[in-house]
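In what follows, every heavy atom counts, from backbone to side chain, and hydrogens, waters and symmetry copies are set aside.
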Amino acid sequence: MRHLYSCPLRWSDMDAFGHVNNAVFVRYLEEARIDFMRCLAPGDGSPSFTGGSVVARHEIDYVRPLVHRPAPVTIELWVTKISAASMTVGYEVKDEDTLYLRASTVVVPFNFTEERPRRLTAEEKAILKEYLDDASHQTPQQTSQPKGTVAV
């Protein structure tokens with residue numbers, strides 16, 4: 001399953017060439033990820049996904065320039081990996097017929113009171129599994145290396 005986020009474009013997002021600035025895309029991914037995490041929280045007094053998290057890594061492939069327009073862009077978000085103390089989120093920023101960006105982010109749950117990372121709970125892992133990648137979509141790391149080469 002994928003989470004969909006409709007992201008508005010702002011005039012201030014543009015660079016001197018009229019494209020969405022590369023750094024602004026990181027904000028778009030953040031907006032989509034926060035919306036996703038907010039939707040994951042089960043409520044009913046459950047502590048799952050109610051604490052903080054930190055970004056450990058971003059990986060971005062800029063596919064096509066995105067120019068300003070009144071219509072929002074769609075960000076599709078899904079989980080590509082779940083480990084004991086992190087999850088990796090994959091994204092595509094696109095329209096119906098154009099892909100602008102493909103990215104991934106490693107997110108670490110964080111206990112801000114104790115100032116340290118924490119493990120994902122069993123409940124959090126179960127919820128995240130509903131959004132696991134179906135293997136038909138690849139993250140930038142999976143697609144950026146030509147066959148027969150090794151990432152260093």
Side-chain angles (χ1 to χ4, degrees), residues 1-10 12-15 19-66 72-95 99-152:
M1 176 167 45
R2 288 189 169 205
H3 177 77
L4 300 178
Y5 177 71
S6 181
C7 185
L9 306 181
R10 293 160 286 273
S12 61
D13 296 346
M14 302 305 125
D15 61 18
H19 305 126
V20 171
N21 183 277
N22 64 310
V24 171
F25 275 108
V26 176
R27 277 201 327 256
Y28 290 175
L29 300 179
E30 177 185 46
E31 288 177 31
R33 191 174 57 255
I34 288 170
D35 187 66
F36 174 62
M37 298 299 285
R38 182 187 52 78
C39 291
L40 290 179
D44 300 330
S46 170
S48 291
F49 300 108
T50 58
S53 62
V54 295
V55 170
R57 175 185 174 94
H58 283 301
E59 189 171 340
I60 301 172
D61 288 336
Y62 298 95
V63 179
R64 287 196 183 312
L66 176 59
V73 69
T74 299
I75 301 176
E76 292 189 13
L77 182 151
W78 64 97
V79 176
T80 62
K81 182 179 178 184
I82 302 168
S83 67
S86 71
M87 66 175 173
T88 304
V89 176
Y91 316 80
E92 289 181 346
V93 177
K94 62 186 186 178
D95 291 326
L99 176 65
Y100 300 102
L101 179 140
R102 193 175 285 120
S104 67
T105 301
V106 176
V107 179
V108 176
F110 200 83
N111 183 323
F112 285 99
T113 304
E114 298 177 11
E115 297 184 2
R116 64 183 185 91
R118 67 169 181 82
R119 293 187 171 275
L120 288 165
T121 67
E123 181 181 35
E124 289 169 333
K125 287 181 181 180
I127 293 168
L128 289 171
K129 284 181 183 175
E130 295 177 30
Y131 291 90
L132 266 175
D133 185 27
D134 65 3
S136 67
H137 303 283
Q138 297 181 331
T139 62
Q141 185 177 8
Q142 295 168 317
T143 60
S144 61
Q145 297 297 320
K147 286 189 175 186
T149 63
V150 177
V152 181

* Hey, mind stepping through Tyr91 and Tyr28 against ring-ring contact (aromatic ring centres under 6.0 Å, His included) and telling me if it holds? -> CA-CA 10 Å; Tyr91 316 80; Tyr28 290 175; over 10 Å; no
* Looking at CE of Met87 and CD1 of Ile82, how far apart are the two atoms once the value is rounded to the nearest 0.5 Å? -> 8.5 Å
* To do: To the nearest 0.5 Å, tell me how far Arg2 CZ sits from Thr74 OG1.
  => 12.0 Å
* If you take all heavy atoms of Val55 and Arg33, which pair is closest and at what distance? -> CG2-NH2, 3.4 Å
* Can you name the one residue among Tyr131, Trp78, Tyr5 that meets ring pair (Phe, Tyr, Trp, His ring centres under 6.0 Å) with Phe36? -> Tyr131
* Atom pair CG/OG of Leu120 and Ser83 - distance to nearest 0.5 Å -> 6.5 Å
* Asked: Taking C-beta and beyond as the side chain, do Asp35 and Leu77 meet within less than 4.5 Å on heavy atoms?
  -> no
* Structure fact -> One should read off an interatomic distance between His3 NE2 and Arg38 CZ, to the nearest 0.5 angstrom, of 7.0 Å
* **Verdict with supporting geometry, Arg118 and Glu124, salt bridge (Lys or Arg N to Asp or Glu O under 4.0 Å)** => CA-CA 12 Å; Arg118 67 169 181 82; Glu124 289 169 333; 2.7 Å; yes
* Answer whether the closest heavy-atom distance between the side chains of Asp13 and Arg27 falls below 4.5 Å. => yes
* To do: Give a yes or no on whether the backbone of Glu115 and the side-chain of Asn111 come within a donor-acceptor separation of less than 3.5 Å.
  => no
* Structure fact -> Between Ala85 and Val108 the two heavy atoms that sit nearest each other are O-CG1, 3.5 Å
* To do: Give the intermediate values and the outcome of salt bridge (Lys or Arg N to Asp or Glu O under 4.0 Å) for residues Lys125 and Glu123.
  => CA-CA 5 Å; Lys125 287 181 181 180; Glu123 181 181 35; over 6 Å; no
* Single hit among Glu31, Met37, Glu30 for side chain to side chain contact (heavy atoms under 4.5 Å, CB included) with Ile34 -> Glu30
* **Arg119 CZ: over 12 foreign heavy atoms closer than 6.0 Å** => no
* Quick one: pull up CD in Glu92 and CD in Glu76 and give me the separation to the nearest 0.5 Å. => 6.0 Å
* To do: Determine, step by step, whether Phe110 and Val54 satisfy the side-chain contact (heavy atoms from CB on, under 4.5 Å) criterion, reporting the C-alpha distance in whole Å, the side-chain angles of both residues, the deciding distance to 0.1 Å, and the verdict.
  => CA-CA 6 Å; Phe110 200 83; Val54 295; 4.0 Å; yes
* Does Val26 reach the side chain of His58, with side-chain heavy atoms less than 4.5 Å apart? -> yes
* **Sub-4.5 Å side-chain heavy-atom contact between Leu9 and Leu66** => yes
* Decide yes or no on side-chain contact (heavy atoms from CB on, under 4.5 Å) for Leu29 and Ile60, but give the supporting numbers first. => CA-CA 10 Å; Leu29 300 179; Ile60 301 172; 4.2 Å; yes
* Asked: Roughly how far, to the nearest 0.5 Å, is the OG atom of Ser53 from the CZ atom of Phe112?
  -> 7.0 Å
* Asked: In terms of heavy-atom contacts, does NZ of Lys81 have more than 12 from other residues, nucleotides or ligands at under 6.0 Å?
  -> no
* To do: Please say which of Leu101, Val93, Val20 ends up in a side chain to side chain contact (heavy atoms under 4.5 Å, CB included) with Val73.
  => Val93
